[in-house]
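Presented below is the structure to which this report refers.
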2 protein chains.
Amino acid sequence: MEDTSCHPELDPRVEALVTDVIGRVADKWTMIVLEALTQHPVLRFTELVREVTGISQKMLTQTVRAMERDGLLVRTVHPVIPPHVDYRLTDLGHTLSEAFCGVWTWAETNIDRIERARQDFDTRKIR
Amino acid sequence: MEDTSCHPELDPRVEALVTDVIGRVADKWTMIVLEALTQHPVLRFTELVREVTGISQKMLTQTVRAMERDGLLVRTVHPVIPPHVDYRLTDLGHTLSEAFCGVWTWAETNIDRIERARQDFDTRKIR
DNA sequence: TCCATAACTCTCCTTTTGGTAAGTACCGAA
DNA sequence: TTCGGTACTTACCAAAAGGAGAGTTATGGA
């Protein structure tokens, strides 16, 4: 049998903080940007736009800013014309990427099960 | 050195599916409900409301329905009055919980670093 | 007769999210 | 002199998220 819980929290103040961090970090775009920067250690803005399918410039700007603020990546501005900015993960970013790795793997291995569960659920609702 | 990437995707169709699943599952409330049901294997609706601090009834209903549809939990209705419904994770739910465990741990161990990074960032922006 | 109970569901309303498109800054090249 | 390239920022707008609170259901108990 597996372990029941992985974090036996006691202090509700800490609990709230952790929950807050999870809420911030458990975000679609953040995870995808993280993954992109894990596969390609250094990326410029336009490269990220291309890499992260479907993201708009605005969302990407917001996402990388928030990630920079949280210390997940560093944004390096080269003061040249035309502008050149590149992004790479910090150690903190790398550790999060590793931590989240399990979820990517889980998603990959379980796509079919989820698909089937959804179909079952939907057909069950019809009849 | 750690491994660069944890999922060397090739097929962009699969990639899109996985990304979609991540988008669905990498959600604050989903993760917190998952955690609550990991710590307390069986919970009723009102118990979940109490357990998941800050969630509204509406959000909880939506979240557990989506999770049921994805096959992460089972919802058992006992046809009595007053109603009695309880929720417990499926195997799939348990495996996701385990996969996500790493992220909880990461959040717990890195709260201070994140806090500091934020303060640094914010003060840097002021001056 | 009226209330309490559990698990919603529904409506109304505000806030947030996120997209599109245009603008900006700068310089070298055509 | 206008264009192109880069990394944004801003304004505007539509859609979705999400909260508050009342209503619903049926029944056993006071």
Side-chain angles (χ1 to χ4, degrees), chain A residues 16 19-34 36-37 40 42-70 72-89 121 124-125, chain B residues 16 19-20 22-33 36-37 40 42-70 72-89 121-122 124-126:
Chain A
T19 300
D20 181 69
V21 169
I22 292 286
R24 170 60 262 292
V25 135
D27 162 69
K28 183 188 170 184
W29 292 131
T30 301
M31 286 307 123
I32 301 178
V33 167
L34 202 71
L37 282 170
H40 312 87
V42 185
L43 286 175
R44 308 178 54 169
F45 189 82
T46 39
E47 290 171 337
L48 269 172
V49 172
R50 270 192 293 277
E51 206 62 34
V52 180
T53 322
I55 200 169
S56 67
Q57 284 197 347
K58 183 180 159 190
M59 274 315 294
L60 182 57
T61 311
Q62 282 179 23
T63 305
V64 290
R65 278 297 188 295
M67 291 175 74
E68 190 193 2
R69 186 171 115 94
D70 288 345
L72 298 177
L73 55 76
V74 272
R75 180 168 161 275
T76 315
V77 181
H78 304 279
V80 292
I81 300 262
H84 184 149
V85 179
D86 52 39
Y87 299 89
R88 65 192 75 204
L89 295 184
F121 184 87
R124 230 181 306 135
K125 289 289 128 166
Chain B
T19 299
D20 180 70
I22 292 286
R24 170 61 263 291
V25 135
D27 162 68
K28 184 188 171 184
W29 293 131
T30 301
M31 286 307 123
I32 301 178
V33 168
L37 282 171
H40 312 88
V42 184
L43 286 175
R44 308 177 55 169
F45 189 82
T46 39
E47 290 171 336
L48 269 172
V49 171
R50 271 192 292 278
E51 207 63 34
V52 180
T53 321
I55 200 169
S56 66
Q57 284 198 347
K58 183 181 157 187
M59 275 315 295
L60 183 56
T61 311
Q62 281 179 26
T63 305
V64 290
R65 279 296 190 295
M67 291 175 74
E68 191 194 1
R69 186 171 115 96
D70 288 344
L72 298 177
L73 55 76
V74 272
R75 181 170 161 274
T76 314
V77 182
H78 304 279
V80 292
I81 299 265
H84 185 149
V85 179
D86 52 39
Y87 299 89
R88 66 191 74 205
L89 295 184
F121 184 87
D122 293 346
R124 231 180 306 134
K125 289 289 128 167
I126 290 165

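A note on names: the letters A, B, ... follow the listed sequences, proteins ahead of strands, and every chain is numbered from 1.
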Figure out the [atom1]/[atom2] separation between [X] and [N], and round it to whole Å.
{"X": "B:Phe45", "N": "C:dT9", "atom1": "CZ", "atom2": "C1'", "value": "10 Å"}
{"X": "A:Ile32", "N": "C:dG18", "atom1": "CD1", "atom2": "P", "value": "12 Å"}
{"X": "A:Lys58", "N": "D:dC12", "atom1": "NZ", "atom2": "C1'", "value": "9 Å"}
{"X": "B:Ile55", "N": "C:dA7", "atom1": "CD1", "atom2": "P", "value": "15 Å"}
{"X": "B:His78", "N": "D:dT27", "atom1": "NE2", "atom2": "P", "value": "18 Å"}
{"X": "B:Gln57", "N": "C:dC10", "atom1": "CD", "atom2": "C1'", "value": "12 Å"}
{"X": "B:Glu68", "N": "C:dC8", "atom1": "CD", "atom2": "P", "value": "10 Å"}
{"X": "B:His84", "N": "C:dC8", "atom1": "NE2", "atom2": "P", "value": "11 Å"}

Return the minimal non-hydrogen interatomic distance between [X] and [Y], and the atom names on each side.
{"X": "B:Leu37", "Y": "B:Tyr87", "value": "CD2-O, 3.4 Å"}
{"X": "A:Val85", "Y": "A:Arg75", "value": "CG1-CG, 3.7 Å"}
{"X": "B:Leu43", "Y": "B:Ala36", "value": "CD1-O, 4.0 Å"}
{"X": "B:Arg88", "Y": "B:Asp86", "value": "NH2-OD1, 3.8 Å"}
{"X": "A:Met31", "Y": "A:Val25", "value": "CE-O, 2.8 Å"}
{"X": "B:Phe45", "Y": "B:Gln57", "value": "CZ-O, 3.9 Å"}

Item checked: Mutual orientation of the aromatic rings belonging to B:His78 and B:His84 [parallel < 30°, tilted 30-60°, perpendicular > 60°] ->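 Taking B:His84 first and then B:His78, their aromatic rings stand perpendicular (interplane angle over 60°).
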Item checked: First encountered from the 5' end of DNA chain C, between B:Glu47 and A:Pro83 ->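 So the residue in question is B:Glu47.
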If you check the [X] side chain, which of [options] turns out closest?
{"X": "B:Thr61", "options": "D:dA26, C:dC8, D:dG19", "answer": "C:dC8"}
{"X": "A:Arg65", "options": "C:dC8, C:dC12, D:dT9", "answer": "D:dT9"}
{"X": "B:Val85", "options": "D:dG19, C:dA7, D:dC8", "answer": "C:dA7"}
{"X": "A:Pro82", "options": "D:dG5, C:dC8, D:dT9", "answer": "D:dG5"}

Are OP1 or OP2 of [N] and a side-chain N or O of [X] less than 4.0 angstrom apart?
{"X": "B:Thr46", "N": "C:dA7", "result": "yes"}
{"X": "B:Tyr87", "N": "C:dA6", "result": "no"}
{"X": "A:Arg75", "N": "D:dA7", "result": "no"}
{"X": "B:Arg44", "N": "C:dA6", "result": "no"}

Notebook entry, point to check: If you look only at pairs with a residue in residues 19-32 of chain A, which of them pass as a side chain to side chain donor-acceptor pair (under 3.5 Å), with sequence neighbours excluded?
Noted result: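 Listed once each, the pairs are A:Arg24-A:Thr30, A:Arg24-A:Asp70, A:Asp27-A:Thr30.
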Notebook entry, point to check: Between the two end axes of the helix from C:dT1-D:dA30 to C:dA30-D:dT1, each built from 5 base pairs, what angle do you get to the nearest 10°?
Noted result: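 For the helix from C:dT1-D:dA30 to C:dA30-D:dT1, the axes at opposite ends meet at about 30°.
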Next item on the list: Using heavy atoms to find the nearest nucleotide of DNA chain D for B:Ser56 and B:Ile81 separately, return the residue whose nucleotide is more 5′.
Entry: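 Nearest-nucleotide comparison on DNA chain D picks B:Ser56.
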